[in-house]
Amino acid sequence: MDETPLTPQGSSRRGFLLGGATAGAAAVIAAGRRMAVADDTSQEMGGVLAAELSPYGPNQRVLLNEPSRATAMISFDVIATGRKQLSDLFAVISDRVKVLAAGESVAVSDPSRPPADNGVLGPSFAGNQVGVLIGVGASLFDHRFGLAARKPVGLKPMRTFPNDNLDPAICHGDLSVQFTAATPDVVTHALRDLTKHTRGAMQPRWRVDGFTSPPRPDGAPRNLLGFKDGTSNPSTTDTGTLDRLIWTKDGGSFQVVRIIRNLVEFWDRVSLQEQELMIGRRRDDGSPLDADGELTAPDYARDPQGLIIPTDAHIRLANPRTPRTEATRILRRSWNYDLGLDSNGQLNQGTLFTCYQQDIERQFEAVQTRLIDEPLTDYISPVGGGYFSVLPGLADRNDTYAKALLS
Amino acid sequence: MIVIICLIGLAVLAGLYAAPGRSPTAASSAVARSPDPGPLAVSSRGCLPGITDLRSGRSTLRIRNTGNSPEEVQILDDTHTYDYADLELVAPGTTRELIVVLPPGRFGASCEADDGTIGYSDPFQVTGPAVGGVHRWIPATLTDLGNAVTNYRTSVTAGLKQLASDTDALQAATDGQDRAMIKKRWLTAYLDYEQLGGVYDTFGDYADKINGLPSGLPRGVQDPAFTGFHKIEYLLWHNGSDDQIRAATRLLDRDVHGLVKAFPHQETAPNDVPLRTHEILENTMQLTLTGQDDLGSHSGLATTAANIDGTRMTLKALTPLLQQNDPALLASAEHSLDQLDAVVTSLHRRGGYPALRALSRTQQERLDGTLSGTLESLDPIPTELEVLLTQDNS
């Protein structure tokens, strides 16, 4: 269980993660001076929280990492037919994940064939640079593979919320795969490796790449509205919290993906005061409006009428911090995305939002329901995403993803 | 004789050294930084006590709320007429920075607590050369905004009367089968509504019933909650049946008359008039110029023209206030609307406007770009005129 696979250079995984500076060892994903903040059990790492990238273990712990500098979220539809072909597909996916985790000194290539590796990382690539997260959507459990009886309880297609402007082309999917790494080339290398090996069996449905900014100047990285994003989250180091909020009984979780367009030109025309009242935090340093310091918890009990942090401020609605709403908390992982221009010449950029919870309805949907018609909805527009069931981790080198589902 | 002179000389020299600030080290300490005096305090006990004179140009004041109530701090001229900077919310126990650019003159700060009580600081002097980058305005009061609301609502009432009459005419047309006539009357009534953008929030639930879009509805255009102008538009341009069109129009007519009856009792928030003066055209940019609100009629340019008219309506209600408080802002806003109007008008052809998608790239860029510029000119209006609602008046 406690695998420490050796990298091609021979140093242990631990060495890489703590910044053992060898060429290509860009394993430190959680850059910046972000401390491991939990409102309850805070564990001050005093610096960078090492990223967990191993696919091995009861859970896919990669989802616990702070957002990486680079990511690709890609949804696939399975075009293979029948249970056997689906099994084979998962075997191939599992195999590629293991290879990416281990690294390859020089790819063995048949000279009569195109190269096996795309070469984006050079002639060899180190292991433990990329995180890979695998989820399955409700549509996989339709009539095609006879898996209806195996559908995880609580998995369903993403619903439409009143403020959404969903484009069906960038919603849903049979599988979700997310790659995370410190640099975009590691992400692309992995993404293209997976798609090359799964062509003909699964087809990309939609994809959004994301990025995280360095802390400016400190604390949580900023989103494209200029605000620090991710300050408050449940602890990812306290097993009690993880069992209460994140993991399902089988070691998986549920992933919600939301592609949220930010109307940035409009936002940049709104007064700072209005922006801060809509969010509930100061823009300069991320403090809640009722206190000094980004990490200070807001005290809503002291301000029941919302004279300081309005009752419809985003942070207050999303997490009212009452005993009753404690069980609705979600683990948020957000990146920025940038896709070019809209047809009216406005920038098409926004938030690639993901969150993790053990119960979509109890948690994400409760939060999103509280957020219906919040003032911020004038400036953001959910356009895509989906609900996925995150599979358990790989037990060992012989395990494959979705073995329990397909057995 | 010489001795006396020397003694006088010594006395003079001693006097020099004894003069305040004239110690031998005065020259060097004049350029040394004085220690940080700490933030200025605001509370019910006082408004920025100890505020010192400032140099002209940009100053950063650190202000700490040592009281129990949220406070709004403004830097005013000494007659308390003009506002130079505004820190709208300092929560109790927090410290925030107020950045202000001041010309030479006499000034004072005001501190307004949440219950409406206002305290003033001691006056302070700003010395130094004249500086650029100074912006001052006369802050709006709730009374000012209330007057604007009243004026605007008078225009809206007239607009609603027109809307009701034109919606009745639309309904009458659906008794026949002349689709061209129905479409024409649909457009007339729809554009009436699109001129009333300043009060969409006031209209409450009626806004979605009369002009809602299918996005956000689980079943999209098939959703039973999709009603109103765009539903009828969808039916008219997607081969809806006579019965469907008649039913949808009947429902619209009912909702429009419902709104006309309800409007006198619906409240318009005081900040809505400045806010919507800016944001009507933001909706145009986001929904109309992207085609999101086009359910088949391709009437984006006519809609844009109606939205410009709607913005002029709200701006008209604010004109007396802006004329008095910030005439330069008023002029800039009007000019930018004229520019946008000219671009839209230039695209008009005999018989109507072309579809947005039929515009050339150059025409499209000119339209999108001019609207972008107009929005930049309008956005100071809510920022400058909004009055933060406090406990005593929210």
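Here the structure is a predicted model, which means the values were calculated and not measured. Chain naming here is simple, since letters A, B, ... match the order of the sequence lines and numbering starts at 1 in each.
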Tell me, for [X] versus chain A, whether the close heavy atoms (under 4.5 Å) come from the side chain, the backbone, both or neither.
X: B:R357; result: neither
X: B:P382; result: neither
X: B:E384; result: neither
X: B:E386; result: side chain
X: B:L375; result: both
X: B:P92; result: both
X: B:Q286; result: both
X: B:S372; result: both

#### Entry: Atom group of A:F161 that falls short of 4.5 Å from chain B, counting heavy atoms
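The backbone, not the side chain.
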### Message
So for A:L272, is it side chain, backbone, both, or neither that comes closer than 4.5 Å to the heavy atoms of chain B?
### Response
neither
### Query
Of all heavy-atom pairs between A:L289 and B:T94, which one has the smallest distance, and what is that distance?
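So the two residues come closest at O-CG2, 4.2 Å.
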### Query
Closest approach of A:N165 and B:S215, non-hydrogen atoms and distance?
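Taking every non-hydrogen atom into account, OD1-CB, 3.3 Å.
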### Query
Given B:R64 and A:D292, is the salt bridge (Lys or Arg N to Asp or Glu O under 4.0 Å) satisfied, shown in steps?
CA-CA 10 Å; B:R64 180 167 181 78; A:D292 283 340; 3.5 Å; yes
For [X], does the [atom1] atom sit with more than 12 other heavy atoms under 6.0 Å from it, leaving out its own atoms?
X: B:E267; atom1: CD; value: no
X: B:R58; atom1: CZ; value: no
X: B:N68; atom1: CG; value: no
X: A:D299; atom1: CG; value: yes

### Message
Using a 4.5 angstrom heavy-atom cutoff, name the option from B:G216, B:G291, B:P214 with the most pairs to chain A.
### Response
B:G216
### Query
Which of the residues B:G220, B:A91, B:S69 is involved in the greatest number of heavy-atom pairs with chain A at under 4.5 angstrom?
B:A91
How long is the straight-line distance from [atom2] of [Y] back to [atom1] of [X], given to the nearest 0.5 Å?
X: B:L89; Y: A:I308; atom1: CG; atom2: CD1; answer: 7.0 Å
X: A:D284; Y: B:E97; atom1: CG; atom2: CD; answer: 7.5 Å
X: B:D368; Y: A:S343; atom1: CG; atom2: OG; answer: 7.5 Å
X: B:L281; Y: A:R269; atom1: CG; atom2: CZ; answer: 10.0 Å
X: A:L166; Y: B:L217; atom1: CG; atom2: CG; answer: 11.0 Å
X: B:E282; Y: A:D378; atom1: CD; atom2: CG; answer: 10.0 Å

### Message
Out of A:E276, A:R159, A:E265, return the one with the most heavy atom pairs under 4.5 angstrom to chain B.
### Response
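Winner by heavy-atom pair count: A:E276.
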### Query
In terms of heavy-atom pairs under 4.5 Å with chain B, which of A:T296, A:N344, A:D164 leads?
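Option with the greatest count: A:N344.
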### Query
Hey, are the side chains of A:F266 and B:H278 touching, using non-hydrogen atoms and a 4.5 Å cut-off?
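Yes - at least one pair of side-chain heavy atoms lies under 4.5 Å apart.
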